[in-house]
Enquirer: 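Following this message is one structure expressed as structure tokens.
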2 protein chains.
Amino acid sequence: METLRERKKARTRDALLHAALELFTTKGYEQTTVDEIAEVVDVSQRTFFRYFASKEEAAFFVPRLTETHFVEAVRARPPHEAPLEALRRAVLESWDTINEAIQQVVPLELHMRTYRVIESTPALLAAHLRRSMELEEELARIVAGREGLDVDTDHRPRLVVAVFGGVMRVVERMWIAGDDLSIEAMRELTAAHLDGVGPALAGNWRASQSY
Amino acid sequence: METLRERKKARTRDALLHAALELFTTKGYEQTTVDEIAEVVDVSQRTFFRYFASKEEAAFFVPRLTETHFVEAVRARPPHEAPLEALRRAVLESWDTINEAIQQVVPLELHMRTYRVIESTPALLAAHLRRSMELEEELARIVAGREGLDVDTDHRPRLVVAVFGGVMRVVERMWIAGDDLSIEAMRELTAAHLDGVGPALAGNWRASQSY
DNA sequence: AGGCTAATGTCAGCCGCTGACAGTTGACAA
DNA sequence: TTGTCAACTGTCAGCGGCTGACATTAGCCT
């Protein structure tokens with residue numbers, strides 16, 4: 001059974017998150033002060049920083065959820081799949097199942113708008129890229145593990161992951177720039193672009209020699 | 001002939017830059033306050049911000065020089081070279097000629113140490129990655145221009161550039177992590193790694209079909 | 001009911017950064 | 001050389017993100 005205190009905390013956090021994203025997407029990230037966010041929820045500014053380590057963290061709360069969701073999907077892939085194939089299936093699969101997880105926290109449409117803000121706000125874009133880099137490092141280790149390789153001596157895991165990450169970033173930008181902000185549109189873009197690079201890199205590593 | 005006023009300005013800027021980098025590399029970027037930097041040079045904090053738009057900008061002053069140097073080297077490459085080949089030659093070439101340009105502003109060794117700070121300071125790393133992304137966009141357009149392609153319809157320019165950028169970032173990290181901080185070491189790492197990926201992507205585009 | 005602890009508010013303060021205004025110093029012509 | 005103009009600088013006041021310390025409130029548990 002969930003205690004009252006816990007429910008209250010969850011409600012405050014959700015309210016803060018919702019207020020923050022709503023303000024970010026309407027008046028812009030930089031134009032929004034933490035005081036404003038706190039005022040909407042009617043708590044002190046100090047309380048905001050007890051829930052979120054920084055203003056930035058509020059913007060990235062949902063993206064963090066989708067990340068862990070995706071990484072788990074990658075780990076769950078059968079080991080016989082080629083690396084890029086496993087990554088590909090994991091993204092597409094997680095796109096399908098992430099919706100409900102997101103919507104329990106924030107309206108999907110608000111999340112979409114937030115992505116646009118992230119991409120168009122220099123400070124947030126920078127943070128996003130750094131996080132992507134950390135994610136790629138994690139993925140490289142997973143891929144290396146699947147293939148029985150050492151990520152420090154064999155560079156191929158990092159290479160595929162880098163290519164994969166590069167494609168995903170391009171897809172993100174196209175999705176955000178386009179009109180259709182639906183998950184289906186994202187699915188299609190992802191599939192099409194990954195199919196494009198696939199042939200160039202999806203060879204059977206275990207049989208081929210390294211470079 | 002250079003006026004006294006201009007010389008004074010240049011001297012102040014150099015002093016601020018030097019003091020900033022020296023402090024960043026000894027006590028760390030976050031631990032260094034702008035007041036401290038200004039105090040070393042014996043100017044007001046306000047003056048610092050008249051020379052550098054932000055504390056960050058001081059850290060990236062020299063990197064910005066090397067960037068423009070490199071981009072110009074790429075533009076100068078003969079158009080018959082394949083894209084990746086042109087990029088490869090441009091980096092290696094600019095490594096050789098950038099030294100003097102740097103040393104006119106800051107001791108080379110201080111610049112090296114600064115790179116380590118950038119890579120190990122989250123906020124700086126994030127800014128560095130964002131700048132890399134902007135640079136890749138510029139390079140993609142240059143490559144597309146050379147090949148007579150439209151960067152918005154044909155994704156191959158962005159792909160090579162992304163791969164190139166990915167390799168360069170890996171090389172940067174290895175160089176910084178290693179003991180040999182010389183330009184020669186950087187040259188070797190760059191050459192070796194680019195030779196590795198080359199074969200996989202250096203085909204003759206104009207003859208081959210797009211995917 | 002009352003003690004314990006988690007959650008919150010308040011306050012003071014640091015740091016990055018900016019606008020406004022005044023004072024100083026170099027440039028340049030009369 | 002001197003006086004005028006423009007550039008450079010210092011000072012000050014203030015905003016916004018963020019933090020530590022301490023007091024207060026509110027839920028939990030016996």
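All values below come from the heavy atoms of this structure, side chains included, with hydrogens, waters and symmetry mates left out. These numbers were taken from a predicted model, which means no experiment stands behind them.
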Enquirer: Polar atoms only, N or O, under 3.5 Å: list the protein pairs with nucleotides 1-4 of chain C and their distances.
Expert:
none

Enquirer: Check whether more than 12 heavy atoms from other residues, nucleotides or ligands sit under 6.0 Å from atom CZ of B/Arg173, and answer yes or no.
Expert: no

Enquirer: Specify the separation, in whole Å, of atom CD of A/Glu56 and atom P of D/dG16.
Expert: 18 Å

Enquirer: Search all heavy atoms of B/Ile98 against all heavy atoms of B/Leu65 and return the closest pair with its distance.
Expert: CD1-O, 4.4 Å

Enquirer: Looking only at heavy atoms, which two atoms of B/Ile118 and B/Ala59 are closest? And how far apart?
Expert: CD1-O, 3.9 Å

Enquirer: What does nucleotides 24-30 of chain C look like as a protein-contact string, B for base, S for sugar-phosphate only, - for none, at under 4.0 angstrom between heavy atoms?
Expert: -BBS---

Enquirer: Counting only heavy atoms and a strict 4.0 angstrom limit, can you tell me which residues of residues 16-39 of chain B come near DNA chain D?
Expert: none

Enquirer: Can a side-chain donor-acceptor contact be found between A/Asp180 and A/Ser182 if the only test is distance below 3.5 angstrom?
Expert: yes

Enquirer: I would like to know whether B/Phe24 and B/Gln31 meet side-chain contact (heavy atoms from CB on, under 4.5 Å); could you show each step before the answer?
Expert: CA-CA 8 Å; B/Phe24 293 167; B/Gln31 284 66 45; over 6 Å; no

Enquirer: Flag the pair B/Glu22 and B/Arg113 as a salt bridge only when some basic side-chain nitrogen lies within less than 4.0 angstrom of an acidic carboxylate oxygen.
Expert: yes

Enquirer: What are the atom names and distances for every N/O pair under 3.5 Å that joins the protein to nucleotides 2-4 of chain D?
Expert:
none

Enquirer: I'd like to know if the side chain of B/Thr121 and the backbone of B/Val117 have a donor-acceptor N/O pair within less than 3.5 Å.
Expert: yes

Enquirer: Starting from the C-alpha separation in whole Å, work towards a yes-or-no answer on side-chain contact (heavy atoms from CB on, under 4.5 Å) for B/Tyr51 and B/Leu17.
Expert: CA-CA 9 Å; B/Tyr51 283 89; B/Leu17 183 60; over 6 Å; no

Enquirer: Between the main-chain N or O of B/Glu81 and the side-chain N or O of B/Arg146, is there a donor-acceptor pair closer than 3.5 Å?
Expert: yes

Enquirer: Reckon B/Lys55 has a side-chain N or O less than 4.0 Å from the OP1 or OP2 of C/dC15?
Expert: no

Enquirer: Quick one: does B/Arg158's side chain have a donor or acceptor within less than 3.5 Å of a partner on A/Val170's backbone?
Expert: no

Enquirer: Would B/Lys9 and B/Glu6 pass as an ion pair if we require N to O under 4.0 Å?
Expert: no

Enquirer: Quick check for you: among C/dA7, C/dG16, D/dT19, whose closest atom lies nearest to any side-chain atom of A/Phe49?
Expert: D/dT19

Enquirer: Looking at B/Glu39, I'd like to know if its CD atom is crowded, meaning that more than 12 non-hydrogen atoms belonging to other residues, nucleotides or ligands lie closer than 6.0 Å.
Expert: no

Enquirer: Quick test: give all pairs of protein nitrogen or oxygen and nucleotides 9-11 of chain C nitrogen or oxygen below 3.5 Å, distance rounded to 0.1 Å.
Expert:
{"unit_1": "C/dG9", "atom_1": "OP2", "unit_2": "A/Ser44", "atom_2": "N", "d": "2.9"}
{"unit_1": "C/dG9", "atom_1": "OP2", "unit_2": "A/Ser44", "atom_2": "OG", "d": "2.8"}
{"unit_1": "C/dG9", "atom_1": "OP2", "unit_2": "A/Thr47", "atom_2": "OG1", "d": "2.3"}
{"unit_1": "C/dG9", "atom_1": "N7", "unit_2": "A/Arg50", "atom_2": "NH1", "d": "3.3"}
{"unit_1": "C/dG9", "atom_1": "O6", "unit_2": "A/Arg50", "atom_2": "NH2", "d": "2.7"}

Enquirer: Donor-acceptor pair, distance only, cut-off 3.5 Å: does the side chain of B/Lys55 make one with the backbone of B/Thr32?
Expert: yes

Enquirer: Please report the distance, rounded to the nearest Å, between CD in B/Glu2 and P in D/dA7.
Expert: 17 Å

Enquirer: Quick one: ring pair (Phe, Tyr, Trp, His ring centres under 6.0 Å) pairs with a partner in residues 113-137 of chain A, sequence neighbours left out?
Expert: A/His111-A/Tyr115

Enquirer: Donor-acceptor pair, B/Glu36 side chain versus B/Thr33 backbone, under 3.5 Å?
Expert: yes

Enquirer: Just call it for A/Tyr51: base, sugar-phosphate, or nothing, with non-hydrogen atoms closer than 4.0 Å on any strand.
Expert: sugar-phosphate

Enquirer: Grab the NZ-C1' distance between B/Lys9 and D/dA6 for me, whole Å please.
Expert: 12 Å

Enquirer: From CZ of A/Phe52 over to P of C/dT8, roughly how many Å is that when rounded to an integer?
Expert: 12 Å

Enquirer: Salt bridge between A/Arg169 and A/Glu136, side-chain N to carboxylate O under 4.0 Å?
Expert: yes

